[in-house]
There are 2 protein chains.
Amino acid sequence: MPESALPYRPHNHQNCVSQALADATAICRQQNARLTPIRERVLELIWQSHKPLGAYDILGMLGAEGHNAAPPTVYRALDFLLQHGLVHRISSLNSFIGCTQAGEHHRGMFLICRQCGNVLELAAPEVAQAVESAAESEAFLPEDITLEIAGLCPRCQVESRHD
Amino acid sequence: MPESALPYRPHNHQNCVSQALADATAICRQQNARLTPIRERVLELIWQSHKPLGAYDILGMLGAEGHNAAPPTVYRALDFLLQHGLVHRISSLNSFIGCTQAGEHHRGMFLICRQCGNVLELAAPEVAQAVESAAESEAFLPEDITLEIAGLCPRCQVESRHD
DNA sequence: CTGCAAATGTTATAATGTTTCAAAATTTGC
DNA sequence: GCAAATTTTGAAACATTATAACATTTGCAG
Ligand SMILES: [Zn+2]
Ligand SMILES: [Zn+2]
Ligand SMILES: [Zn+2]
Ligand SMILES: [Zn+2]
């Protein structure tokens, strides 16, 4: 059993945030995209934790800090961040999470703890490979893969045995 | 390249419907569950094609045939059908599709054509295996797998080359 | 028949996401 | 620098998807 992955144990999360923002800045510069204040702030809010946020959660947070935004503001920022591979959308939760592999070409796979709500993004190339070969066996041309695993993270498994 | 799977080519679709309804009847009897007229009708509507239907599509169809139902009626029927493994929910589309392997224990994988809208459900045990072993490598206990592949079906690939 | 539990009806409301048009900011060509 | 073009943001209304709460009906066991 591996050392527990970041979301599931205490860590200096400020590092996660700073790193994500620095990466985003670099990626946007490289792609000639504008990481405007709103977009950056939304990204930062999403990175507040390893739990996904809904668009209206973000909207509420922006409101609480005085920036009275309407839904399109948030959805546009999210679209931008999705477009540039800085966040992922978790379909099964209607929510959004920071990408831990921004910049790299990848197909995310998400381990979602139903207990604590934390999400771990895995690269899982062998899964992507299996998916692609299954699709190919049906002559299907895959473009976008949604792969979300709900279950119990290591920590919450332990806790659930303490009852 | 395999023979094109059912959704992507002409076939006697009435067979699909009858089979699905017969299976549902058998499964419900076996599980002591009541396949009431509304539930059966919703299942039949979903099976009208191999394209997923939204809850409000179903609601509209029920309305058109004189049964003036409200949203909870449809969502309750859908919950029942989900519970008993007779339909699947496609998270990325907020819609529902008939299960082609009702009764068998399985984790569905869905190939969704973005052009024609048809959905093919695959068993893909080797993908499930890869997913489970990736989860295990993180000491994660998977319970529910959402695996939806959007792309182009064989037919629509051919058509898109005719432009 | 009677009483209980499951299923359905009904109304209202919550949560999520989009369209549209106007205003402001930023970039581009000169 | 400056005007035009483009991108971004603001704002209001609206559309879609889903649930809560409570009343009523139905099916069934005793
Ligand atoms: Zn962190
Ligand atoms: Zn957990
Ligand atoms: Zn068919
Ligand atoms: Zn197609």
Side-chain angles (χ1 to χ4, degrees), chain A residues 24-25 28-46 51-84 86-97 117 146 148, chain B residues 24-25 28-29 31-46 51-84 86-97 117 146 148 150:
Chain A
T25 301
C28 287
R29 183 182 342 265
Q30 190 187 343
Q31 303 189 4
N32 251 320
R34 292 168 51 197
L35 189 62
T36 62
I38 295 181
R39 292 167 177 175
E40 185 170 31
R41 183 64 186 133
V42 168
L43 181 60
E44 192 175 8
L45 286 172
I46 287 178
K51 306 178 191 188
L53 282 187
Y56 280 76
D57 294 335
I58 297 168
L59 201 55
M61 291 171 176
L62 287 177
E65 62 192 38
H67 184 310
N68 220 326
T73 299
V74 170
Y75 281 103
R76 286 191 285 228
L78 289 170
D79 283 347
F80 173 90
L81 296 171
L82 285 169
Q83 211 94 58
H84 293 84
L86 302 174
V87 304
H88 292 287
R89 183 188 152 87
I90 308 289
S91 285
S92 57
L93 298 176
N94 292 335
S95 61
F96 301 84
I97 188 133
T146 299
E148 302 166 11
Chain B
T25 301
C28 286
R29 184 181 344 264
Q31 301 188 5
N32 250 319
R34 290 171 51 199
L35 190 62
T36 61
I38 295 181
R39 292 166 175 174
E40 185 169 29
R41 184 65 186 133
V42 169
L43 181 60
E44 193 175 7
L45 286 172
I46 287 178
K51 306 177 191 190
L53 282 187
Y56 280 76
D57 295 333
I58 297 168
L59 201 55
M61 291 170 175
L62 287 176
E65 62 192 38
H67 184 309
N68 221 326
T73 299
V74 169
Y75 280 101
R76 286 192 284 230
L78 288 170
D79 283 346
F80 173 90
L81 296 171
L82 285 169
Q83 211 93 57
H84 292 85
L86 302 175
V87 303
H88 292 287
R89 185 188 150 85
I90 308 290
S91 285
S92 57
L93 299 176
N94 292 332
S95 61
F96 302 84
I97 187 131
T146 298
E148 302 167 10

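Order of the sequence lines fixes the chain letters, A, B, ..., with proteins taken first and strands second; residue numbering starts at 1 for each chain.
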With a 4.5 Å limit on heavy-atom distance, are the side chains of [X] and [Y] in contact?
X     : Y     : value
A/H67 : A/I38 : yes
B/L78 : B/I58 : yes
B/L86 : B/C28 : yes

Is the phosphate of [N], meaning OP1 or OP2, less than 4.0 Å from a side-chain N or O of [X]?
X     : N      : value
A/T36 : C/dA25 : no
A/N94 : D/dT17 : no
B/R34 : D/dT26 : no
B/H67 : C/dT8  : no
B/T73 : C/dT8  : no

Nucleotide nearest A/A70 when distance is taken to its side chain, options D/dA11, D/dT19, D/dA18:
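Shortest atom-to-atom distance from the side chain points to D/dA11.
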Residue closer to the 5' end of DNA chain D, B/P72 versus A/A33 (nearest nucleotide):
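Mapping each residue to its closest nucleotide by heavy atoms, the 5'-most match is A/A33.
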Output the rounded distance in Å from [atom1] ([X]) to [atom2] ([N]).
X     : N      : atom1 : atom2 : value
A/N32 : D/dT8  : CG    : P     : 11 Å
B/R39 : C/dT8  : CZ    : C1'   : 9 Å
A/L78 : C/dT18 : CG    : P     : 10 Å
A/R76 : D/dT6  : CZ    : P     : 19 Å
A/L93 : C/dG17 : CG    : C1'   : 16 Å
A/I90 : C/dT16 : CD1   : P     : 15 Å
B/E40 : C/dT8  : CD    : P     : 12 Å
A/I38 : C/dT26 : CD1   : C1'   : 14 Å

Write down the atom of B/L43, the atom of B/A24, and the distance for their closest heavy-atom approach.
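In terms of heavy atoms, the two residues are closest at CD2-CB, 3.4 Å.
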Can you name the nearest heavy-atom pair linking A/I46 to A/L53, along with the distance?
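Reported closest heavy-atom pair: CA-CD1, 3.9 Å.
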By nearest heavy atom, map A/R89 and B/P37 onto DNA chain C; which one lands nearer the 5' end?
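Result of the comparison: B/P37.
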Aromatic stack A/Y56/C/dT16: centroid gap under 5.5 Å, interplanar angle under 30°
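Given the distance and angle limits, yes, they stack.
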